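Below: the structure, in structure tokens.
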Amino acid sequence: MERTSRIEGFYKLSMSERLKIVKEFGDLTSEEAMAITGFGGLDPSIPDKMIENAVGSFALPLGIAVNFLINGKDYLVPMAIEEPSVVAAASNAAKMARDRGGFWTSSTDPVMIGQVQLTGVKDPSKVKHIILEKKKDLLELANKQDPMLVKLGGGARDVDVRIVHSQKGPMVIVHLLVDVRDAMGANAVNTMAEAIAPLIEKISGGKVYLRILSNLASHRLARARAVWPKESIGGDEVVDGVIEAYLFADADPYRCATHNKGIMNGIDAVIVATGNDTRAIESGAHSFAARSGQYKPLTIFEKTTEGDLVGTIEVPMAVGLVGGATKVHPTAKACIKLLGVKTASELGEVCAAVGLAQNFAALRALATVGIQQGHMRLHAKNIAASSGTPPELIEEVTRIMVAEKKIRMDRAQEITEELRKRNK
Ligand code: NAD
């Protein structure tokens, strides 16, 4: 089989046919394929190792986004999400981007920030300088905490000192910048921040309170860009419509919240599937979006000189391939293998590309048919299933509700009754 993520009609295949393709693409063992198709059935010993008071596990649908070409490499992207249309929209947007080579990405070094809060300082500027003069000692002390990370080429890199004005007066906030390589980094950074706190107290005469990671991972950014040719997406009007939608989000925080939510639909689904921390990614994304003081879109859409649509995204991406659940959860492990990512930065760049694709798909739908029409079939299927329609009648009930444009529980029940009577 040619190793491409451009798979025509993947959505029309049965689940077992899809799994066969995925298994071959990712070179997965039968055990790994089982972990992907396990319908959330974790071995009981696993949840008990992951959290406190475990009683079970909670399953989400796992879908595969096809068609992703990123920096010339094909990816099948696992997405764990309960919301209909997300996987289809990402796959479709990725398909349309392939005509111009797909997605191109880059990222900064994987540098996270540990904060140490210093209070009770009368002369904050002087203290700031004293701390910066001791940078070498602070970095040495931090790096002693994690020889493994240092050996892998990571470790504490720099110290930054900010004076923050609180309601009670100035605080001196020390930032420890740590290259965390392929870890998400929270534990690694927290350990270092705790270790340097006594030295900071000693040299400053102040009192340290908090010593913890900042989720505003502004030094750890992933970027992606793609061009959607106007002829593939519906012409000049669609290009202009998407740009108008972007400009609306750029000017209005009420729209921008939903714009960025659409981006996170894609990113979070990959984050969950790979066992990463959705809360860290969410807080990083939204605080980064608001860093100028006004809440802004994470993506930008422009028109190229040829009249095509170009989209770009820049977003903090604190993801790991080691630590947390990534190495414990069998489905997450199999999903990471399927993705074939070799570094956490590569995973972050895939997430950025998926976020951009998702956002493009949503804006295109909004600028053309509206979101509801695209959502309709899956939404109708959900309504049919939740109104008690038996499995063998769901397809037919869905078809009728969509045709009638009446997607309601009471109508699903009526149609079910009619079909039952007719089939008797
Ligand atoms: P971790 O401590 O389990 O793993 C990181 C360690 O693994 C490193 O310190 C290093 O010693 C070692 N390591 C081995 N191979 C490595 C490689 N290739 N690259 C980098 N390190 C390597 O995990 P972590 O990533 O430090 O912390 C992540 C966890 O912390 C997540 O579960 C997250 O949910 C949680 N957490 C988050 C927050 C927050 O976001 N504010 C706060 C506390 C905890």
Side-chain angles (χ1 to χ4, degrees), residues 42 46-54 57-58 80 107-117 139-157 173-197 209-222 264 267-288 315-333 335-337 339-351:
L42 282 178
I46 295 174
D48 213 21
K49 275 190 226 134
M50 292 176 71
I51 62 162
E52 311 75 34
N53 300 0
S57 65
F58 182 94
S107 37
T108 61
D109 283 344
V111 172
M112 298 294 286
I113 302 168
Q115 294 195 295
V116 179
Q117 177 199 21
L139 293 180
E140 250 175 50
L141 183 54
N143 280 330
K144 268 198 195 139
Q145 315 307 313
D146 203 335
M148 166 88 124
L149 186 60
V150 174
K151 204 168 138 218
L152 290 163
R157 288 262 183 275
I173 307 297
V174 182
H175 281 194
L176 182 67
L177 306 187
V178 185
D179 182 327
V180 296
R181 297 284 92 197
D182 295 320
M184 181 270 177
N187 290 323
V189 168
N190 292 346
T191 308
M192 289 186 181
E194 285 179 17
I196 63 168
Y209 281 94
L210 267 57
R211 301 146 299 165
I212 179 111
L213 173 97
S214 168
N215 285 109
L216 175 46
S218 58
H219 294 284
R220 194 182 191 179
L221 302 176
M264 302 316 287
I267 293 178
D268 283 350
V270 185
I271 294 297
V272 174
T274 56
N276 274 284
D277 182 338
T278 45
R279 290 81 56 209
I281 294 296
E282 282 282 333
S283 80
H286 296 292
S287 53
F288 185 73
V315 59
M317 206 42 84
V319 288
L321 296 181
V322 296
T326 51
K327 283 264 190 281
V328 184
H329 197 295
T331 314
K333 279 199 294 186
C335 285
I336 288 171
K337 178 160 176 201
L339 267 171
V341 289
K342 297 287 175 267
T343 60
S345 297
E346 188 183 350
L347 174 59
E349 291 175 23
V350 170
C351 290

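From a predicted model like this one, the values you see are computed outputs, not experimental measurements. All residue numbers in this chain count up from 1 along the given sequence. Ligands are counted one by one from 1 in listed order, and the atoms in each one are counted from 1 as well.
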For this session: Take I196 and V116 through the side-chain contact (heavy atoms from CB on, under 4.5 Å) test and state the conclusion after the steps.
Result: CA-CA 8 Å; I196 63 168; V116 179; 4.2 Å; yes
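Of the residues listed (D182, T326, L339), the one engaging L347 in a side-chain contact (heavy atoms from CB on, under 4.5 Å) is L339, and it is the only one. Considering D109, L177, T108 in turn, L177 is the only one that fulfils the side-chain contact (heavy atoms from CB on, under 4.5 Å) rule with H219.
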Sequence neighbours left out, cut at 3.5 Å: what donor-acceptor pairs do the side chains of residues 183-192 make with other protein atoms?
{"from": "N190", "atom 1": "OD1", "to": "L213", "atom 2": "N", "distance (Å)": "2.8"}
{"from": "N190", "atom 1": "ND2", "to": "A186", "atom 2": "O", "distance (Å)": "3.2"}
{"from": "T191", "atom 1": "OG1", "to": "N187", "atom 2": "O", "distance (Å)": "2.7"}

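Between the side chains of Q115 and S214, no donor-acceptor pair of N or O atoms lies under 3.5 Å.
Annotation: ligand 1 has protein neighbours D146, M148, L149, L152, V180, R181, D182, A183, M184, G185, A186, N187, A188, N190, L213, N215, D277, A280, V322, G323, G324, each with a heavy atom less than 4.0 angstrom from the ligand.
Using a distance-only test at 3.5 Å, with no hydrogens or angles considered, no donor-acceptor pair links the side chain of T274 to the main chain of I336.
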